[in-house]
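We count ligands from 1, going down the list as the structure has it; atoms in each ligand are counted the same way.
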Amino acid sequence: MLGINGLSAAQADQMIENAVGVYALPLGIATNFLINNQDVLIPMVIEEPSVLAAVSNAARLFRAGGGFTTSSDEPIMIGQIQVLDLDDVYVAAGRVMAEKAALMDEVNRIGGSIVKSGGGAKDIQVRPMPNTSVGPMLIIHLLYDTRDAMGANAINTAVEHIAPQIEALTGGRVVLRILSNLTDHRKARAEGMIPASELATESLTGDQVVRAIVEAGVFAEVDPYRAATHNKGIMNGVDAVVMATGNDWRAIEAGAHAYAARSGQYTSLTRWWQDENGNLRGAIEMPLAVGIVGGATRVHPTAQIALKIMKIQSARQLAEIISAAGLAQNLAAMRALATEGIQRGHMEMHAKQIATAVGAPPELVSRIVQQMITEKNIRPERARALLDELRGTASSG
Ligand code: MEV
């Protein structure tokens, strides 16, 4: 265990305004991940107990079925330009489309290193909205490949840069020029299989657990109240890696939930089914706009180490690993919920925290924890009494 926070006060001061300190969170390593036939150790930053144990356990189950297979889209972001005061949104849209190539050339002229490495403007799309409460509105989407950057700066610079040209072309008034966090051109996917035999418990057959997990998955597909919690569990895995790598987890959250609601009904980010051999299969698809250059990823020393631990070569590879972590976390939660419930595991972590808090040394923690769980009495007073007892035994014995 390293008791360092990985970020100096001077570095923090460079990152934000009015910095007064550094706020540390636990950094753990999730194990057992086999992704596209490669072993991957996944650093995770999270304050919640059980997540690391649960995700590592779930990754072990997927490993028994051959591990995760992942894929991802090109790193295309959307920059939005909002145009108002138009007589005819369709005419304005036509003018923009007619000048598409020139507009993209202008964006790429100022694109710098992203354009040099093959990124930059890839398309322009128009979305006319003739009847809004503030009049006809034309929304222009600049599709921009940000390569290994999350790309917020590049895309915001690009849309601000071409806004005057858009005004000249359309005769309208540009208001907002900003990226969209619904990065649905930049999705990552992971899927995997778990042999039914791996899921059997003392009281349930593997087949029964597979069915219960599929039923739990369908619950989240059909009910937004359950989908919110189900997706929250997915984000336990996703956000923890996003944070470990210095990426913007609010952007990822916004994109994930907007994508989950794309049909008009908020639904699950994963799908679970039983295959023809009776085994469990799961898949996730979600927008994942993460970068490996720039921003906090570049400044934060721990983020750099996190990328090294995962041997990350590209933003897409990182997004794919994150999607696998989300799928694994989802399996862990559903397996627990569909069998013994999650409280048992949580109780153990809770008891461990209490035993540690009353000063139990590592070699006595597990005995105190087991005793408190057996007695169903998980409180600091009891932990202290057990510690005293054990110490008495230790010193007299
Ligand atoms: C708790 O952080 C996450 C869960 O509620 C997720 C779920 O219900 O699927 C266990």
Side-chain angles (χ1 to χ4, degrees), residues 25-33 42-62 68 190-192 194 198-199 201 204 208-244 249-250 252-257 259-261 265-274 280-286 288 322-354 373 378:
L25 284 171
L27 166 69
I29 302 266
T31 56
N32 301 328
F33 275 84
I42 307 186
M44 288 189 162
V45 168
I46 190 150
E47 86 298 342
E48 185 174 330
S50 302
V51 167
L52 265 295
V55 83
S56 303
N57 198 21
R60 188 180 51 73
L61 295 172
F62 275 106
F68 299 89
E191 60 176 89
I194 298 123
E198 293 288 321
L199 292 166
T201 68
L204 296 168
Q208 282 172 320
V209 178
V210 171
R211 282 164 194 266
I213 291 176
V214 171
E215 286 158 1
V218 173
F219 184 5
E221 283 178 34
V222 300
D223 177 27
Y225 288 90
R226 173 58 203 153
T229 325
H230 177 98
N231 289 345
K232 189 276 180 183
I234 293 170
M235 300 313 280
N236 278 346
V238 168
D239 284 341
V241 193
V242 170
M243 286 183 68
W249 73 93
R250 286 87 56 215
I252 298 300
E253 283 280 340
H257 299 295
Y259 187 67
Q265 176 180 316
Y266 186 85
T267 185
S268 167
L269 288 167
T270 55
R271 294 287 173 268
W272 294 95
W273 68 99
Q274 187 167 32
L280 178 66
R281 282 185 187 267
I284 187 169
E285 179 183 66
M286 62 183 290
L288 269 165
I322 293 173
S323 70
L327 185 64
Q329 198 71 60
N330 188 217
L331 172 71
M334 288 208 306
R335 177 172 173 247
L337 290 167
T339 56
E340 62 176 14
I342 57 165
Q343 283 314 90
R344 210 195 118 67
H346 277 193
M347 277 304 133
E348 216 165 294
M349 288 305 291
H350 178 56
K352 196 170 158 194
Q353 279 172 342
I354 287 183
I373 288 177
I378 305 172

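Each of the following atoms of ligand 1 lies closer than 4.0 Å to a heavy atom of E48: 1 (C), 2 (O). Short contacts between ligand 1 and L337, defined as distances under 4.0 Å to a heavy atom of the residue, involve ligand atoms 7 (C), 8 (O), 9 (O). Taking every heavy atom of K232 and a limit of under 4.0 angstrom, the matching atoms of ligand 1 come to 1 (C), 2 (O). The distance from ligand 1 to the heavy atoms of G233 drops below 4.0 Å at these ligand atoms: 3 (C), 6 (C). The atoms of ligand 1 that sit less than 4.0 Å from any heavy atom of T229 are 5 (O), 6 (C), 7 (C), 8 (O), 9 (O).
Below 3.5 Å of separation, one finds no N or O of H230 facing any N or O of ligand 1. Residue N330 places no N or O, backbone or side chain, under 3.5 Å from any N or O of ligand 1.
A salt bridge between E215 and R226 is absent, with no side-chain N of the basic residue lying under 4.0 Å from a carboxylate O of the acidic one.
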Evaluate side chain to side chain contact (heavy atoms under 4.5 Å, CB included) for L61 paired with R335, printing each intermediate quantity in order.
CA-CA 11 Å; L61 295 172; R335 177 172 173 247; 3.7 Å; yes
Check step by step if side chain to side chain donor-acceptor pair (under 3.5 Å) holds for T270 and N330.
CA-CA 8 Å; T270 55; N330 188 217; 2.7 Å; yes
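Within the 4.5 Å cutoff, no side-chain heavy atoms of H230 are placed close to those of F219.
The closest heavy-atom contact to atom 7 (C) of ligand 1, among the options R335, R226, M334, comes from R226.
For the side-chain contact (heavy atoms from CB on, under 4.5 Å) with S50, the lone residue among M349, M347, E348 that qualifies is M349.
Counting heavy atoms under 4.0 Å from ligand 1, residue N236 touches it through the side chain alone.
Without hydrogens or angle criteria, N236 side chain to V51 main chain gives no donor-acceptor distance under 3.5 Å. Judged by distance alone, the side chain of S268 and the main-chain N or O of A220 form no donor-acceptor pair under 3.5 Å.
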